[in-house]
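Let me begin by presenting the structure, written as structure tokens, before commenting on it.
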Amino acid sequence: MLSIVPTPIGNLRDITIRAKETLTSCDAIICEDTRVTGQLLKLLELPKKEFISFHGYTDDGKADYIVERLQKGEHLCLVSDAGTPGISDPGYVVVSRVRAAGLQIEALPGPSAFLVALSASGLAINQFLYLGFLPLKKGRQTLLQTFKTEERTIVFYESPHRIQKTLSELATVLEDQPERTLVIARELTKMHEQIIHAKIATLHEVIKTMTVKGEFVVVIEGTR
Ligand code: SAM
């Protein structure tokens with residue numbers, strides 16, 4: 001069986017009892033970065049495990065190897081560096097191959113950065129549009145233009161290197177909607193967690209003064 005196991009996005013205490021039990025009883029763990037997962041097991045005081053590294057969207061040979069091991073009756077866990085495997089990381093490739101092979105899969109519930117950001121945002125979250133990371137070049141401007149008329153709350157991930165540039169682009173694209181609210185969630189669940197509420201009208205000021213270190217989720221109010 002393949003168990004999909006979410007791991008904390010910052011605060012280690014967000015690991016679930018079920019996740020700990022599953023990581024303890026499995027035969028091996030499929031992970032992105034063996035050092036990150038090794039450190040996690042150590043900090044959680046879980047037993048050492050064999051690691052199968054899987055870090056590319058095109059790691060076909062490795063996916064075959066994983067399927068073979070599951071066919072032999074092994075119990076494998078799939079984790080990513082943080083959060084829910086498959087959410088903006090290569091995990092879904094493994095799940096799709098294992099499902100195509102007709103093998104048993106269980107998915108454990110757990111943390112994901114965009115869900116934490118949405119729930120803290122105070123914006124309407126009965127419907128939302130999750131975009132992962134925005135495209136860097138092709139299709140980027142077209143996508144940003146659609147934000148002008150998107151009725152649902154929009155949520156996406158951004159890196160510290162690009163956060164200021166992206167926010168500045170948003171301030172320009174949405175300048176006709178100065179009252180629209182934007183939430184910048186930084187370092188969620190960590191010691192330096194910060195959740196900034198801004199209006200499009202004030203965004204340029206926020207960009208000048210904000211801390212750009214760490215990991216970011218951006219949430220934008222829909223037009224409804
Ligand atoms: N699988 C992960 C999940 O379920 O959230 C996402 C993996 S994606 C490669 C990593 C991105 O998620 C980061 O660049 C950042 O945008 C966002 N992220 C992860 N942890 C975060 C945190 N603690 N605070 C804010 N954003 C976070």
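Remember, it's 1-based here, ligands and their atoms both numbered in the order they're listed. This chain uses plain numbering: 1 for the first residue, then up along the sequence. Hydrogens, waters and symmetry mates are skipped; everything else that's a heavy atom, side chains included, is used.
Other residues, nucleotides and ligands contribute more than 12 heavy atoms inside 6.0 Å of the NZ atom of K190.
For F216, every heavy-atom contact with ligand 1 shorter than 4.0 Å involves the backbone, none the side chain. Using a 4.0 Å cut-off between heavy atoms, D89 contacts ligand 1 through its side chain alone, with no backbone atom that close. Of the heavy atoms in E158, only backbone atoms (N, CA, C, O) come closer than 4.0 Å to ligand 1.
Of all protein heavy atoms, the one lying nearest to atom 5 (O) of ligand 1 is Y157 OH, 2.6 Å. Closest protein heavy atom to atom 13 (C) of ligand 1: E215 OE2, 3.3 Å. Among protein heavy atoms, the minimum distance from atom 26 (N) of ligand 1 is reached at V217 CG2, 3.4 Å. When hydrogens are left out, the protein atom nearest atom 7 (C) of ligand 1 is I87 O, 3.5 Å; that is the closest non-hydrogen contact. The protein heavy-atom contact nearest to atom 10 (C) of ligand 1 is F133 CZ, 4.0 Å. The nearest heavy-atom contact from the protein to atom 18 (N) of ligand 1 is A113 CB, 3.5 Å.
Looking at ligand 1, you won't find any N or O of P111 less than 3.5 Å from one of its N or O atoms. The N/O atoms of G10, backbone and side chain alike, include none that comes under 3.5 Å of an N/O atom in ligand 1. In terms of polar-atom proximity, S112 is counted as a contact of ligand 1, with an N or O under 3.5 Å from an N or O of the ligand. The shortest N or O to N or O distance between A185 and ligand 1 is not under 3.5 Å. Considering backbone and side-chain atoms together, L188 places an N or O closer than 3.5 Å to an N or O of ligand 1. Considering backbone and side-chain N/O atoms, A82 comes within less than 3.5 Å of an N/O atom of ligand 1.
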Quiz item: salt bridge (Lys or Arg N to Asp or Glu O under 4.0 Å) between K208 and E205: does it pass, once the steps are laid out?
Solution: CA-CA 5 Å; K208 278 188 215 152; E205 283 311 304; 3.1 Å; yes
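Distance alone, capped at 3.5 Å, places no donor-acceptor pair between the K20 side chain and the L46 backbone. Under the 3.5 Å distance criterion, the side-chain polar atoms of E50 are left unmatched by any main-chain donor or acceptor of A28. Under a 3.5 Å cut-off, the side chain of E193 and the backbone N or O of R186 do not form any donor-acceptor pair. A donor-acceptor pair is defined here as one N or O able to donate and one able to accept, closer than 3.5 Å; no such pair exists between the side chain of T84 and the backbone of P6. In this structure a side-chain-to-backbone donor-acceptor pair under 3.5 Å is missing from T181 to E221. A side-chain donor-acceptor contact under 3.5 Å links K49 to the backbone of C26.
Aromatic ring centres of F156 and F216 lie farther apart than the 6.0 Å criterion allows.
Under a hydrophobic-cluster definition in which Ile, Leu, Val, Met, Phe, Trp and Tyr are linked whenever side-chain heavy atoms come within less than 4.5 Å, directly or via other members, V217 and I196 are assigned to different clusters.
Using a 4.0 Å cut-off to heavy atoms of G83, the atoms of ligand 1 that qualify are 3 (C), 4 (O). Counting atoms of ligand 1 from 1 in the listed order, those under 4.0 Å from a heavy atom of K190 are 23 (N). If you number the atoms of ligand 1 from 1 as listed, the ones under 4.0 Å from a heavy atom of S88 come out as 7 (C), 8 (S), 9 (C).
Side chain to side chain, R140 and T166 meet the donor-acceptor criterion of an N or O pair below 3.5 Å.
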